[in-house]
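So the structure is just underneath, and the comments pick up after that.
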Amino acid sequence: MKTVKDYFGSLVFDDRVMKEMLSADVYAKLKKTMDEGSELDISVANAVADAMKEWAISKGATHFTHWFQPLTGITAEKHDSFIAPNLHGGVIMEFSGKELIKGEPDASSFPSGGLRATFEARGYTAWDPTSYAFIKGKTLCIPTAFCSYEGHALDKKTPLLRSMEALNRQALRILRLFGNTSAKHVRACVGPEQEYFLVTKEMYDKRPDLRFTGRTLFGARPPKSQEMDDHYFGAIKPRVAAFMEELNEELWKVGILAKTEHNEVAPAQHEIAPIYTTANIATDHNQLTMEIMQKVALKHGLVCLLHEKPFAGVNGSGKHNNWSIATDSGQNLLSPSDTPYENAQFLLFLCAVIKAVDDYQDLLRISVATAGNDHRLGANEAPPAVVSIFLGDELTAILDAIESGTPYNGTSKIEMKLGVDFLPKFHRDTTDRNRTSPFAFTGNKFEFRMLGSSNSIACANIMLNSAVAESLCQFADRLESAGNFEAELNSLIKDTIKAHKRIIFNGNGYDESWIKEATEKRGLSNYRTTPDCMPHLLDKKNVDMLIKHGVYSLAELKSRCEIMLENYCKTVIIEANTMVDMAKTQIAPAVELFTADIARGAAAKKALDASLECSYEKNVVIKLSALLDRIAAKTDELSSALVSVGKAEDIETKAYRIRDEILPLMGELRLACDEAETLTAKSYWPFPTYADLLFGVK
Ligand code: ADP
Ligand code: MG
């Protein structure tokens with residue numbers, strides 16, 4: 001029998017394959033490019049391309065594609081076959097270094113936010129040798145960056161790689177100050193936990209809202225949902241287990257280290273998490289995971305819903321971005337250690353993150369902003385839209401002691417030099433788990449929990465890496481010019497805690513009183529919706545920082561702001577149109593049919609015996625008729641509001657109007673329809689209900 005070891009990574013052109021198929025010289029040169037970003041010459045590229053092609057063909061591949069991540073948030077690919085004609089009317093299989101390094105997809109229909117006029121169709125893709133090529137179906141996929149001819153990044157990978165480089169540069173400066181001369185590079189490491197729902201394909205097909213928008217736009221609450229907590233970590237149903245088993249196999253084949261899987265809080269909700277890896281590979285892998293999840297689900301007659309809020313009144317789906325920074329020798333810089341000196345270094349990196357999250361809380365909020373995620377953040381669901389950090393009681397007590405210059409009397413009871421002589425290891429015990437915090441320290445990493453389940457994790461990590469790079473840069477500037485390193489370090493840590501402790505909050509982030517305290521007393525920002533936060537991307541402090549570290553140009557930032565707002569508008573408009581359509585052509589006719597049948601039944605009964613009251617029928621007919629009128633009125637209102645909003649002169653105004661006019665009307669229309677659902681016989685209802693969807697997978 002084949003074991004996991006036999007097929008893990010079998011479809012990846014990874015280190016094992018490279019070592020085997022490349023000459024020692026070519027392998028060494030490629031490794032250097034991968035580790036240090038040195039330029040690759042064409043002869044090496046040719047040799048790599050040739051080996052890649054031979055390997056891919058041996059695995060049954062016939063095509064290759066430059067696989068990239070345009071700003072739509074999903075991945076794109078354009079397939080070319082390896083074949084080239086030979087002189088004798090046959091074909092040979094060809095793939096050159098030039099084709100490996102650079103591609104020219106027709107880029108005109110990808111969003112560019114004004115970066116590239118549509119007539120100027122050409123953009124180019126450039127190989128990212130730090131992420132392994134892999135095979136999908138019959139295609140060799142080469143991870144690439146996507147740029148315009150002027151060099152503007154049109155994708156999510158390019159700024160991510162730039163932000164990793166910025167973090168690397170600044171972190172190395174700090175390490176050198178602590179006497180570390182051996183570290184060659186520092187990388188951000190990420191392990192994203194991915195939540196999702198599974199529903200049956202049969203039911204999904206009957207719901208235009210799920211098909212067109214990924215979420216239910218109508219649906220009365222089922223009698224039972226998540227209140228019993230009996231789904232969470234419960235036994236996995238056989239059909240779901242079969243799906244998970246095949247999913248793991250498919251992920252393992254492409255080298256994704258899928259590790260844990262379990263049921264989540266809501267019925268039909270599940271989670272999958274891989275073992276962490278460098279931020280850019282984790283991003284590629286998460287994109288690939290989402291794609292493979294959907295494909296495998298279909299094979300099992302299921303549909304995998306990645307929307308942030310597929311069901312109202314039931315927990316939404318997020319993504320937990322576990323983030324840390326580590327050296328090439330594997331030292332985790334966010335891990336407390338047993339020696340005082342390393343602990344001082346740990347505290348400095350910890351302070352860098354605290355400062356970064358406080359200074360750039362708006363950028364972190366922006367990095368997760370979508371119409372879908374607005375239903376989680378800022379709605380009645382954890383985490384809230386206010387960014388804060390959970391450190392746990394112990395670490396908070398240590399920071400308090402450092403700030404006030406008093407000895408720390410925690411578990412160790414040891415007088416501190418440099419703020420601290422000994423830091424206990426932080427165990428992630430259950431008391432430390434705070435599921436409501438948007439940004440939690442969990443022992444040796446931070447868990448950023450605001451991401452939506454369908455988001456690319458690129459944006460969150462770009463902002464996180466850049467903001468922390470900026471903190472480290474300011475720290476390094478100060479420490480490098482200090483006369484007495486230890487004294488300066490001590491006061492730097494103290495100053496930072498003092499200036500940024502407002503961002504630390506260990507309580508319940510879900511509580512209304514916290515939101516009040518956060519915004520009124522602590523001055524933290526609370527951007528509840530995408531139109532609220534998105535324009536702040538272009539605030540001077542944000543633009544200055546991102547340009548300073550070479551992560552984005554001003555033009556690139558402007559384009560992102562525009563695209564994000566455009567996406568927001570398009571998403572809600574499609575939802576509203578779908579609602580109008582479903583209300584008019586499915587819900588209203590069904591309610592009308594049922595009402596008329598009931599009325600006819602009552603009339604027939606009365607004809608038999610005029611003294612019958614028929615109070616049930618009367619009641620239902622009156623209530624449903626009133627609801628029908630309301631449904632019709634709200635549908636009309638929504639339709640005209642859509643026409644009017646469509647005329648908004650600029651994208652920002654349009655986004656605000658959609659939030660303030662369209663979304664509330666959608667809520668009102670839904671309310672009327674959902675109420676009608678509770679009064680209408682199930683056999684008349686035109687599509688599967690919440691109870692069907694949430695409990696339909698056996
Ligand atoms: P949880 O209790 O939150 O489920 P896990 O230990 O299962 O915690 O880890 C969740 C995710 O965090 C996994 O993807 C894991 O690989 C990742 N992770 C663990 N350690 C680190 C680290 N040092 N840096 C980044 N991610 C990490
Ligand atoms: Mg977690």
Side-chain angles (χ1 to χ4, degrees), residues 8 160 163-164 167-168 171 183 185-196 232-234 236 244 247-248 251-252 255-265 269-290 293 315 317-337 342 345-346 349-350 352-353 356-357 382-383 389-392 395 425-451 453 455 457-458 460-465 468 509:
F8 182 86
L160 177 63
S163 74
M164 288 174 73
L167 183 64
N168 172 50
H185 50 76
V186 170
R187 296 241 164 90
C189 301
V190 172
E193 298 162 75
Q194 170 80 48
E195 292 178 336
Y196 60 97
Y232 191 45
F233 280 84
I236 296 172
M244 286 177 171
L247 175 62
N248 279 337
L251 294 175
W252 288 335
I256 296 175
L257 292 152
K259 171 101 171 145
T260 48
E261 54 197 25
H262 58 76
N263 288 350
E264 262 300 327
V265 177
Q269 193 184 29
H270 312 278
E271 182 189 289
I272 182 166
I275 295 172
Y276 68 97
T277 174
T278 52
N280 72 318
I281 293 177
T283 303
D284 286 356
H285 280 180
N286 184 247
Q287 293 297 123
L288 203 52
T289 300
M290 290 193 286
M293 283 164 82
N315 263 26
S317 297
K319 195 135 48 183
H320 292 174
N321 190 81
N322 294 275
W323 180 93
S324 66
I325 26 184
T327 64
D328 51 322
S329 64
Q331 187 195 5
N332 180 351
L333 301 173
L334 292 177
S335 188
S337 103
E342 280 180 4
Q345 182 184 300
F346 159 73
F349 277 100
L350 184 73
V353 178
V357 174
I389 300 183
F390 169 87
L391 286 182
L395 198 46
K425 289 255 190 217
F426 299 97
H427 299 293
R428 285 189 304 150
D429 63 76
T430 43
T431 56
D432 256 13
R433 301 312 303 270
N434 178 332
R435 295 178 61 91
T436 65
S437 176
F439 202 93
F441 185 68
T442 49
N444 61 1
K445 63 181 178 358
F446 278 96
E447 190 168 332
F448 184 29
R449 302 194 178 118
M450 289 172 86
L451 290 80
S453 48
N455 284 172
I457 62 171
N461 287 300
I462 291 168
M463 296 311 177
L464 200 48
N465 293 341
V468 174

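The first residue of the sequence shown is numbered 1, and numbering continues consecutively from there. Numbering of ligands and ligand atoms starts at 1, following listing order.
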Side chain to side chain, L464 and F439, heavy atoms closer than 4.5 Å: yes
N455 backbone acceptor or donor facing K319 side chain under 3.5 Å: yes
Element-labelled atoms of ligand 1 that are located less than 4.0 Å from some non-hydrogen atom of I275: 16 (O)
Any N/O pair E271/ligand 1 closer than 3.5 Å: no
Spacing of CD1 belonging to I275 relative to CD1 belonging to I256, to within rounding of 0.5 Å: 12.5 Å
From the candidates G443, P274, A273, the one that places a heavy atom nearest atom 15 (C) of ligand 1: P274
Worked verdict on E261 versus N248 for side-chain hydrogen bond (donor to acceptor under 3.5 Å, both in side chains): CA-CA 9 Å; E261 54 197 25; N248 279 337; 2.9 Å; yes
Structural part of E447 in contact with ligand 1, heavy atom criterion under 4.0 angstrom: side chain
Geometric N/O contact W323 with ligand 1, under 3.5 angstrom: no
I325 and F349, any side-chain heavy atoms less than 4.5 Å apart: yes
Interatomic spacing from OG1 in T442 to CG in N444 - rounded to 0.5 Å: 6.5 Å
Numbered atoms and elements of ligand 1 in range of N332, under 4.0 angstrom, heavy atoms: 23 (N)
Proximity to ligand 1 by part of E193, non-hydrogen separation under 4.0 Å: side chain
